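One structure is given below, encoded as C-alpha cells.
Chain naming here is simple, since letters A, B, ... match the order of the sequence lines and numbering starts at 1 in each. Remember, predicted model here, so these are calculated numbers, not experimental data.
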Amino acid sequence: MMTAKEVNFRQRVEALVAHIPPKRVMSYGQIAALCGNARAARIVGGIAHYGDLSLPWHRVVHRDGKLARGYPGGINGHKQVLESEGVHVDGVYRIDIRALLWFPDERENRE
DNA sequence: CGAGTGACCGCAA
DNA sequence: ATTGCGGCCACTC
C-alpha cells in the first residue's frame, strides 16, 4: 500500500506553479524536474489542462521560451496575459526566458 | 482496470 | 536558424 505521505506528482506541480511570482516564468521540464521527474514534462502539461485552471499557468512556457499551445483563449490570449504581467512577448510568441526563468531558490526580494 | 494521450523535451537532418 | 521524429510517464475516460 502506498504511503499516504507520498503526495501525488500533480500536488507538487500545482503547488510549485502557484508559487511562481509575477514577471517570472518556468518551463514544463523544469517544473517536472523539481517535482522529481525531469521526464514528466508532458505530465505537467497534462496537469495544466486537467488540473486547477486557477493557477498561473500563463507563467509556464516552453524550454525555449515559446508559449504553449492549448492555453484557454489561444496562444494570442496567453501573450496578452504575459504582457499584462509586464513580460514582453515578441512577434514569434517568444520571451527572454534566459532572464525571466525563475528558480524557487531565489529570494523573492530582489529589487 | 486498461490503453491512449498530451499546454513537452532532446536530438538529428 | 527551422522542421521532424521518438520517447517518456502520470493523468483521464
Side-chain angles (χ1 to χ4, degrees):
Chain A
M1 153 165 195
M2 299 187 238
T3 55
K5 296 179 182 178
E6 197 71 28
V7 295
N8 290 342
F9 185 81
R10 169 178 177 174
Q11 184 84 31
R12 300 183 184 179
V13 173
E14 291 180 345
L16 183 56
V17 172
H19 283 101
I20 301 176
K23 292 191 178 181
R24 291 291 194 188
V25 298
M26 291 185 73
S27 67
Y28 296 91
Q30 183 184 9
I31 293 170
L34 293 174
C35 289
N37 287 333
R39 302 173 189 177
R42 306 186 70 172
I43 314 306
V44 177
I47 294 169
H49 186 80
Y50 296 105
D52 189 345
L53 300 179
S54 65
L55 294 172
W57 290 110
H58 60 272
R59 295 176 189 157
V60 184
V61 297
H62 288 184
R63 196 63 177 77
D64 297 339
K66 287 283 191 68
L67 303 186
R69 304 191 197 178
Y71 190 83
I75 190 172
N76 199 323
H78 192 168
K79 176 182 177 183
Q80 293 191 9
V81 176
L82 286 174
E83 288 186 341
S84 179
E85 297 266 295
V87 179
H88 175 69
V89 182
D90 61 18
V92 296
Y93 299 100
R94 188 169 63 189
I95 65 175
D96 187 355
I97 191 169
R98 300 230 288 160
L100 298 176
L101 190 62
W102 178 72
F103 294 87
D105 293 342
E106 289 187 17
R107 305 278 176 94
E108 296 180 6
N109 294 343
R110 190 69 183 309
E111 307 204 20

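- Between A:Arg39 and A:Arg10, the residue whose closest nucleotide on DNA chain C is further toward the 5' end is A:Arg39.
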**Message:** Pair A:Tyr28, A:Val13 - check side-chain contact (heavy atoms from CB on, under 4.5 Å), show working.
**Reply:** CA-CA 9 Å; A:Tyr28 296 91; A:Val13 173; over 6 Å; no

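- Using a 4.0 Å heavy-atom criterion, one finds that A:His49 contacts the bases of the nucleic acid, with or without backbone contacts as well.
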**Request:** Report the C-alpha separation of A:Val25 and A:Ile95 in whole Å, then their side-chain angles, then the decisive distance to 0.1 Å, and conclude whether the side-chain contact (heavy atoms from CB on, under 4.5 Å) test is met.
**Result:** CA-CA 9 Å; A:Val25 298; A:Ile95 65 175; 3.7 Å; yes

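- Using a cut-off of 4.0 Å between Lys/Arg side-chain N and Asp/Glu carboxylate O, A:Glu85 and A:Arg59 are scored as salt-bridged.
- Each of A:Arg42 and A:Ile47 was assigned the nucleotide of DNA chain C with the nearest heavy atom; the assignment lying further toward the 5' end belongs to A:Arg42.
- Within residues 64-85 of chain A, the residues having any heavy atom under 4.0 Å from DNA chain B are, by residue number, A:Ala68, A:Arg69, A:Gly70, A:Tyr71, A:Pro72.
- Atom OH of A:Tyr28 and atom P of B:dC8 are 6 Å apart (whole Å).
- Looking at heavy-atom distances under 4.0 Å, A:Gly46 makes no contact with the nucleic acid at all.
- Rounded to a whole Å, the CD1 atom of A:Ile31 is 14 Å from the C1' atom of B:dC9.
- Protein chain A contacts DNA chain C over a range whose 5' and 3' limits, counting nucleotides with an atom under 4.0 angstrom from a non-hydrogen atom, are C:dG7 to C:dT12.
- Put simply, A:Val44 and A:Trp102 are part of the same group of oily side chains (I, L, V, M, F, W, Y) that touch within less than 4.5 Å, one to the next.
- One finds the CG atom of A:Leu16 at 6.0 Å from the CG atom of A:Leu34 (value rounded to the nearest 0.5 Å).
- To the nearest angstrom, P of B:dC8 lies 17 Å from CG of A:Asn37.
- Between A:Arg10 atom CZ and A:Cys35 atom SG the span is 13.0 Å, to the nearest 0.5 Å.
- Atoms CE and CD1, on A:Met26 and A:Ile31 in that order, are 5.0 Å from each other to the nearest 0.5 Å.
- Rounded to whole angstrom, the span from the CD atom of A:Gln30 across to the P atom of B:dG10 amounts to 11 Å.
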**Request:** Kindly determine whether A:Asp96 and A:Val87 satisfy side-chain contact (heavy atoms from CB on, under 4.5 Å), including the steps that lead there.
**Result:** CA-CA 9 Å; A:Asp96 187 355; A:Val87 179; over 6 Å; no

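- Of all nucleotides listed (B:dA7, B:dG10, B:dG6), B:dA7 comes nearest to the side chain of A:Leu53.
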**Message:** Set out, in order, the CA-CA distance, both residues' side-chain angles and the distance that settles side-chain contact (heavy atoms from CB on, under 4.5 Å) for A:Ile47 and A:Trp57, then state yes or no.
**Reply:** CA-CA 10 Å; A:Ile47 294 169; A:Trp57 290 110; 4.1 Å; yes

